[in-house]
2 protein chains.
Amino acid sequence: MEVENRYVAVRHHVEGSPSVDDFEVKAETVRWTPESGEVLVRNMYVSIDPYQLNRMKRQSASHHSVDVIVPGERIASYGVGEVVASACEEYKEGDVVAGMLAWEEHSVFRPETSMLMSKVDASSGFPLSYQLGALGTSGMTAYGGFYEVCKPKVGETVFVSAASGSVGSLVGQFAKLAGCRVVGCAGTQAKVDLLKDKLGFDDAFNYREEPDLKAALKRHFPDGIDIYFENVGGEMLEAALANMNTYGRVAVCGVIAEYTDPGRRAVPDLLEVIYKRITLRGFFAWDFITKFHEFTAIIGGWIEEGKVHVIEDVSDGLESVPSAFVALYRGQNVGKKLVKLA
Amino acid sequence: MEVENRYVAVRHHVEGSPSVDDFEVKAETVRWTPESGEVLVRNMYVSIDPYQLNRMKRQSASHHSVDVIVPGERIASYGVGEVVASACEEYKEGDVVAGMLAWEEHSVFRPETSMLMSKVDASSGFPLSYQLGALGTSGMTAYGGFYEVCKPKVGETVFVSAASGSVGSLVGQFAKLAGCRVVGCAGTQAKVDLLKDKLGFDDAFNYREEPDLKAALKRHFPDGIDIYFENVGGEMLEAALANMNTYGRVAVCGVIAEYTDPGRRAVPDLLEVIYKRITLRGFFAWDFITKFHEFTAIIGGWIEEGKVHVIEDVSDGLESVPSAFVALYRGQNVGKKLVKLA
């Protein structure tokens with residue numbers, strides 16, 4: 001079988017803020033045979049994640065752990081699709097799968113070498129798009145990062161930056177369920193309202209309207225911060241450290257403000273780290289891969305019970321992948337950013 | 001009973017590099033009565049520690065956890081002394097005690113409110129000065145920081161900065177005993193020789209002769225660093241992070257390069273922290289206070305067996321406290337810096 005496949009690629013390595021001109025839509029013919037051992041999938045949703053920008057750089061610390069994206073080539077991404085043809089027992093035509101696919105219309109995978117690939121239980125009743133966010137890598141990141149890295153205790157205070165994003169919006173809700181007091185920050189009043197009115201954050205603020213982030217956090221955390229879930233970097237980390245309590249924990253999940261500007265860095269006061277005995281720990285989703293199904297089952301239960309709300313931001317069609325991706329770095333998404341294909 | 005007591009004080013808060021002119025020797029009359037419940041001690045050795053500089057600043061993150069030093073007043077410090085008069089059962093005249101005393105000739109303490117105060121076992125055979133370093137807070141810091149914070153495994157690689165200092169010289173030796181490969185850095189060739197020839201470090205280098213610290217660490221750790229015991233801060237931390245392995249651990253014990261210059265800060269690449277899932281953890285000696293006797297008993301055993309060497313740098317007389325202290329920030333000490341009184 002042959003299918004015409006269109007995919008999104010970068011034209012060159014991307015440094016600094018991405019623009020849609022850095023991308024192109026390319027076409028190729030994908031061949032699948034019954035002898036291949038492969039599964040051919042028509043992709044339905046693909047995930048748009050900030051970390052992908054690091055993969056696009058010529059040099060980045062991310063290259064230690066995640067494959068660099070090669071200009072002109074397909075870009076691996078979490079996604080959901082329907083099996084069109086299968087050359088192995090576990091998958092059948094018509095099955096819906098979630099796992100590492102790519103920013104493309106059709107993907108081919110081998111079960112034995114595919115990360116996180118699994119069949120989606122059609123009877124679950126969740127929208128398929130949830131498999132990319134709350135029930136996918138965003139959920140795994142948020143759950144693992146909050147429960148395993150931050151180790152929350154009832155009554156602790158939690159600060160979440162980029163709190164209306166895919167991970168932050170979940171972390172804040174998990175923090176409430178864990179009996180914590182949680183404050184989030186975001187970049188627009190509409191996002192701040194969402195955090196407070198829909199997602200149950202105890203409070204939220206617009207960081208763009210705060211000339212002094214240390215003072216803002218002091219106001220929102222008069223008794224200090226026990227847990228900082230870091231998605232932003234730069235001066236936000238410095239301000240959080242200055243307001244943290246003894247034995248505070250910083251889960252370093254992402255530093256989106258630093259992704260687009262290599263000259264922009266957090267300049268932490270290490271005396272805060274020493275004398276408050278703060279722990280900063282970097283992590284990413286794959287650290288919790290063995291607990292993926294455990295985590296997503298718990299999150300799924302919470303969604304069913306109405307305890308966790310899923311916020312999505314959906315663009316349409318493969319052509320919208322570049323603009324959807326670029327929007328992430330301009331703070332234009334609310335919740336999980338994804339692109340619906342086909 | 002009345003004794004004439006001389007003590008060292010700061011004339012004013014100290015910012016930046018200290019100089020001997022920041023200090024003065026003052027005199028007072030100390031009164032002790034049998035009804036006071038207090039113990040009067042003639043101090044024999046007092047400890048000279050880098051962290052004291054933070055206490056001398058007008059503003060510092062250290063003030064969260066450690067009392068600020070007030071100009072003109074006595075400066076608490078770990079020390080060893082002999083009991084001259086006692087108004088309580090546990091201590092008798094002639095007993096030797098170790099614990100929080102001060103930079104002064106005589107100290108008075110109340111057993112129920114004195115930190116870490118204990119009688120020194122005269123039969124142990126160790127020089128009394130060891131109570132300040134390897135068998136005192138330096139030992140507690142090194143042991144707790146290395147074993148409890150770094151959690152070393154056999155075969156791991158360990159980098160120690162300020163490796164010829166009181167804590168670093170112990171950490172390096174502990175690392176060898178733990179089956180690790182250890183490289184230290186220091187600021188003179190003599191110190192480098194000491195690390196390699198006497199203390200058993202696998203390798204050592206003079207950081208002042210390395211124009212590119214990242215390249216130096218790459219050369220010394222071709223397979224990367226698993227554990228960084230941080231005593232220095234600034235660009236040394238950046239270079240270490242760039243050379244760390246996945247799941248690396250940084251024990252943030254001190255940042256002496258930043259103590260004297262508030263504008264000098266580490267500017268870490270947080271992408272290294274995220275993608276290598278590095279943990280940085282601040283700590284200090286008091287975190288291990290409940291294990292003090294356990295730790296020092298182990299270290300004492302190693303010293304007796306010749307497995308750990310104690311390096312000391314002793315100045316003489318109360319008047320030498322300011323110059324001894326100032327020398328710490330100029331890299332002029334080798335091993336534990338202390339002042340012998342009386």
Side-chain angles (χ1 to χ4, degrees), chain A residues 51 53-55 57 59-66 141 145 149 224 230-234 236-238 241-242 244-259 262-288, chain B residues 51 53-55 57 59-66 141 145 149 224 230-234 236-238 241-242 244-259 262-288:
Chain A
Y51 85 96
L53 184 59
N54 299 318
R55 296 183 61 205
K57 297 173 186 171
Q59 300 230 328
S60 165
S62 70
H63 300 350
H64 294 295
S65 307
V66 191
T141 305
V149 177
E230 165 69 300
N231 290 309
V232 163
M236 195 70 84
L237 177 59
E238 299 163 27
L241 288 176
M244 289 200 82
N245 289 330
T246 303
Y247 299 119
R249 286 139 276 154
V250 179
V252 190
C253 177
V255 288
I256 193 168
E258 303 185 18
Y259 294 170
R264 187 171 182 185
R265 291 265 182 98
V267 186
D269 182 351
L270 292 174
L271 291 185
E272 303 274 5
V273 174
I274 295 171
Y275 285 100
K276 295 179 186 168
R277 288 89 101 201
I278 292 169
T279 300
L280 298 99
R281 188 176 139 195
F283 71 100
F284 58 47
W286 308 122
D287 293 334
F288 313 111
Chain B
Y51 84 97
L53 184 60
N54 299 317
R55 297 182 60 206
K57 296 173 186 171
Q59 302 231 327
S60 166
S62 70
H63 300 351
H64 294 295
S65 307
V66 191
T141 304
V149 176
E230 164 69 299
N231 291 309
V232 162
M236 196 69 85
L237 177 59
E238 300 162 28
L241 289 176
M244 289 199 83
N245 289 330
T246 303
Y247 299 120
R249 287 138 275 155
V250 179
V252 189
C253 177
V255 288
I256 194 168
E258 303 186 18
Y259 294 170
R264 187 172 182 184
R265 291 267 182 96
V267 186
D269 182 351
L270 292 174
L271 291 184
E272 303 273 5
V273 175
I274 296 171
Y275 285 100
K276 295 178 185 168
R277 289 88 101 200
I278 292 169
T279 299
L280 298 100
R281 188 175 141 197
F283 71 98
F284 58 47
W286 308 123
D287 293 335
F288 313 111

J.: If I measure from the heavy atoms of chain A, does B:Tyr51 come under 4.5 Å with its side chain, its backbone, both, or neither?
T.: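 For B:Tyr51, backbone and side chain are both near chain A.
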
J.: Could you walk me through whether B:Arg277 and B:Thr246 pass the side chain to side chain contact (heavy atoms under 4.5 Å, CB included) check?
T.: CA-CA 6 Å; B:Arg277 289 88 101 200; B:Thr246 303; 3.7 Å; yes

J.: Taking side chain as everything from C-beta outward and backbone as N, CA, C, O, which of these in B:Val66 sits under 4.5 Å from a heavy atom of chain A? Side chain, backbone, both or neither.
T.: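 Side chain only.
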
J.: Holding to side chain to side chain contact (heavy atoms under 4.5 Å, CB included), I want the full list of residues that pass it with A:Ser62, two or more places apart in sequence or in another chain.
T.: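 So A:Ser62 forms a side chain to side chain contact (heavy atoms under 4.5 Å, CB included) with A:Asn54, A:Ser60, B:Tyr275.
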
J.: Report the C-alpha distance between B:Val255 and B:Glu230 in whole Å, list the side-chain angles of each, state the deciding distance to 0.1 Å, and finish with yes or no for side chain to side chain contact (heavy atoms under 4.5 Å, CB included).
T.: CA-CA 7 Å; B:Val255 288; B:Glu230 164 69 299; 4.3 Å; yes

J.: Using non-hydrogen atoms and a 4.5 Å limit, figure out which bit of A:Tyr247 sits close to chain B: side chain, backbone, both or neither.
T.: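 Just the side chain, heavy atoms under 4.5 Å.
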
J.: Is the shortest heavy-atom distance from the side chain of A:Ile256 to the side chain of A:Asn231 under 4.5 Å?
T.: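 Side-chain contact under 4.5 Å: no.
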
J.: Quick one: of A:Gly233, A:Gly254, A:Ala266, who has the most non-hydrogen atom pairs under 4.5 Å with chain B?
T.: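 So the answer, after comparing A:Gly233, A:Gly254, A:Ala266, is A:Ala266.
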
J.: Based on non-hydrogen pairs under 4.5 Å, which of A:Lys276, A:Arg281, A:Arg265 is most in contact with chain B?
T.: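 When all of A:Lys276, A:Arg281, A:Arg265 are compared, A:Arg265 has the most.
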
J.: Sequence neighbours excluded, which residues qualify as side chain to side chain contact (heavy atoms under 4.5 Å, CB included) partners of B:Ala242?
T.: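 With neighbours one apart ignored, the set is B:Lys214, B:Glu272.
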
J.: Between B:Leu237 and chain A, which part of the residue has a heavy atom less than 4.5 Å away: side chain, backbone, both or neither?
T.: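 Side chain only.
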
J.: Can you tell me which portion of A:Ile278 sits under 4.5 Å from chain B's heavy atoms? Options are side chain, backbone, both or neither.
T.: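 Contact with chain B: backbone only.
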
